[in-house]
Protein chains: 2
Amino acid sequence: MKFEKEDSAGYLINHMARLFAKELQQRISPLGIVVGQFPILLELWLKDGVSQKDLLSKIDVEQATLANTLSRMERDGLIKRTKNPADARAQLIWLTEKAAALRNDAYQSAQNVNLQALTVLNSTEQTQFLELMRRVISGMRK
Amino acid sequence: MKFEKEDSAGYLINHMARLFAKELQQRISPLGIVVGQFPILLELWLKDGVSQKDLLSKIDVEQATLANTLSRMERDGLIKRTKNPADARAQLIWLTEKAAALRNDAYQSAQNVNLQALTVLNSTEQTQFLELMRRVISGMRK
DNA sequence: TAATATTGCATAGCTAGCTATGCAAGTGTA
DNA sequence: TACACTTGCATAGCTAGCTATGCAATATTA
């Protein structure tokens, strides 16, 4: 029996994911943010003043991962937390002004990574690629 | 300006990579190995008794990542290291019998993950998907 | 209403990955 | 041959991710 890495979806995906993350990290590090914070920021830029639970429902990571990333974001002055009047266990999560101001630059960085990475594909292929990924993901999400 | 995660290649790739890793981890954990060891084992199953440098040239991670994973593999009884007569800085890396014996089961596990994950695509789409990924990767590898 | 179950979040402890740095062993050169 | 340079690997220190567990606050139920 043999196994060819270059024909293994899992291997290729893992490798590609690390290349993307590295590329994005380089582009956003001047903004003072890191890749793991990106999905969280995306949600908070849409709407802040939410509970961790609300955030969790929109982000594809485990609760513990989110909690840890949030605490680093608080440490780094990207978010603040206030009491939730409705529930003493939960807090409300707010962007700081500093973090709010990063939005456009961050969007641009991410778009640029995507654009550049996909330039090797033509427009039809790009659309196809995204669609294939969405299907694989939804098939795996159980 | 807006940003849609579901249309972002980077976001989808990251998410998909974590789903794959989780799936593979579940399948190989009965074998006593973990996902980060997989690429290294793949190479050693082909040929062991090699230096870390040789391994590194075949594996798409940084040298420090490899060194750390190797030391956990040694701790876990998957590899042994012997002196390299040709160079006192380097050592030769060998699979233990235990690790050598895992090969077929491990191959099978990985194939099963790939097969199951890609069942949502037809045969043409599967081929296409792999090809698109290979092109994106080679475009990003600088 | 008291006891029990659930929820919301934090923490512990681990692997996987990265960059940066250190250092001994080997190589090349004045 | 002595000295500088390079190489092979290890280590430090960090983020990102996971599972498992703990715990106080809330909700449910007998």
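These figures come from a predicted structure and were not determined experimentally. Atoms considered below: every heavy atom in the structure, side chains included; atoms not considered: hydrogens, waters and symmetry mates. In the text below, chain A, chain B and the rest are named by the order of the sequence lines, each starting its count at 1.
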For Ile93(B) and Leu44(B) the tightest heavy-atom approach is CG2-CD1, 4.0 Å

Atom pair distance, as rounded to whole Å: CG in Asn84(B) and P in dA25(C)
14 Å

Distance below 4.0 Å between Thr65(B) side-chain N/O and dC18(C) OP1 or OP2
yes

How many whole angstroms separate atom CD of Gln26(A) from atom P of dT15(D)?
18 Å

Separation of Leu70(B) CG from Met73(B) CE (nearest 0.5 Å)
6.5 Å

Could you check how far CD1 of Ile59(A) sits from C1' of dG17(D), rounded to whole Å?
14 Å

Leu56(B) atom CG is separated from dT7(D) atom P, nearest whole Å, by 14 Å

Nucleotide dA16(C), atom P - distance to CG of Asp60(B) in whole Å:
16 Å

Contact list (N/O, under 3.5 angstrom) for nucleotides 4-10 of chain C vs protein:
unit_1	atom_1	unit_2	atom_2	d
dT7(C)	O2	Arg89(A)	NH1	2.4
dG8(C)	OP1	Lys53(A)	NZ	3.0
dC9(C)	OP1	Gln52(A)	N	3.3
dC9(C)	OP2	Lys53(A)	N	2.6
dA10(C)	OP1	Arg81(A)	NH1	3.4
dA10(C)	OP2	Gln52(A)	NE2	2.6
dA10(C)	N7	Gln63(A)	NE2	2.9
dA10(C)	N6	Gln63(A)	OE1	2.9

Does dG17(D) have OP1 or OP2 under 4.0 Å away from a side-chain N or O of Arg72(A)?
no

Could you check how far CG of Leu24(B) sits from C1' of dG17(D), rounded to whole Å?
15 Å

Not counting sequence neighbours, list each pair that qualifies as a salt bridge (charged side-chain N to carboxylate O under 4.0 Å, His left out) and has a residue in residues 45-60 of chain B.
Asp60(B)-Arg141(B)

Please determine whether a side-chain nitrogen or oxygen atom of Arg18(B) lies at a distance below 4.0 Å from atom OP1 or OP2 of dG17(C).
no

For the backbone of Val34(B) and the side chain of Gln37(B), can you confirm whether one donor and one acceptor N or O come within less than 3.5 Å of each other?
yes

Let's see if you get this right: which residues in residues 8-15 of chain A place a heavy atom under 4.0 Å from DNA chain D?
none

Please evaluate residues Ile79(B) and Thr96(B) with respect to the criterion side-chain contact (heavy atoms from CB on, under 4.5 Å), reporting the C-alpha separation (whole Å), side-chain torsions for both, the decisive distance (0.1 Å), and the verdict.
CA-CA 5 Å; Ile79(B) 59 166; Thr96(B) 59; 5.6 Å; no

Nearest to side-chain heavy atoms of Glu62(B), which nucleotide of dA16(C), dA16(D), dC18(C):
dC18(C)

side-chain hydrogen bond (donor to acceptor under 3.5 Å, both in side chains) against Ser8(B), all qualifying residues, sequence neighbours excluded:
Asn114(A)

In whole Å, I'd like the distance from the NZ atom of Lys22(A) to the C1' atom of dA16(C).
14 Å

DNA chain D: Ala86(A) or Thr69(A), which has the more 5' nearest nucleotide?
Thr69(A)

Rounded to whole angstrom units, what separation is found between the CZ atom of Arg75(A) and the C1' atom of dT11(C)?
16 Å

Going by side-chain hydrogen bond (donor to acceptor under 3.5 Å, both in side chains), name the residues that satisfy it together with Gln91(A), two or more places apart in sequence or in a different chain.
none

Hits for ring-ring contact (aromatic ring centres under 6.0 Å, His included) against Phe3(A), two or more places apart or cross-chain, chain-then-number order -> Tyr107(B)

Determine yes or no for a side-chain-to-main-chain donor-acceptor pair under 3.5 angstrom, with Glu74(B) supplying the side chain and Lys80(B) the backbone.
no

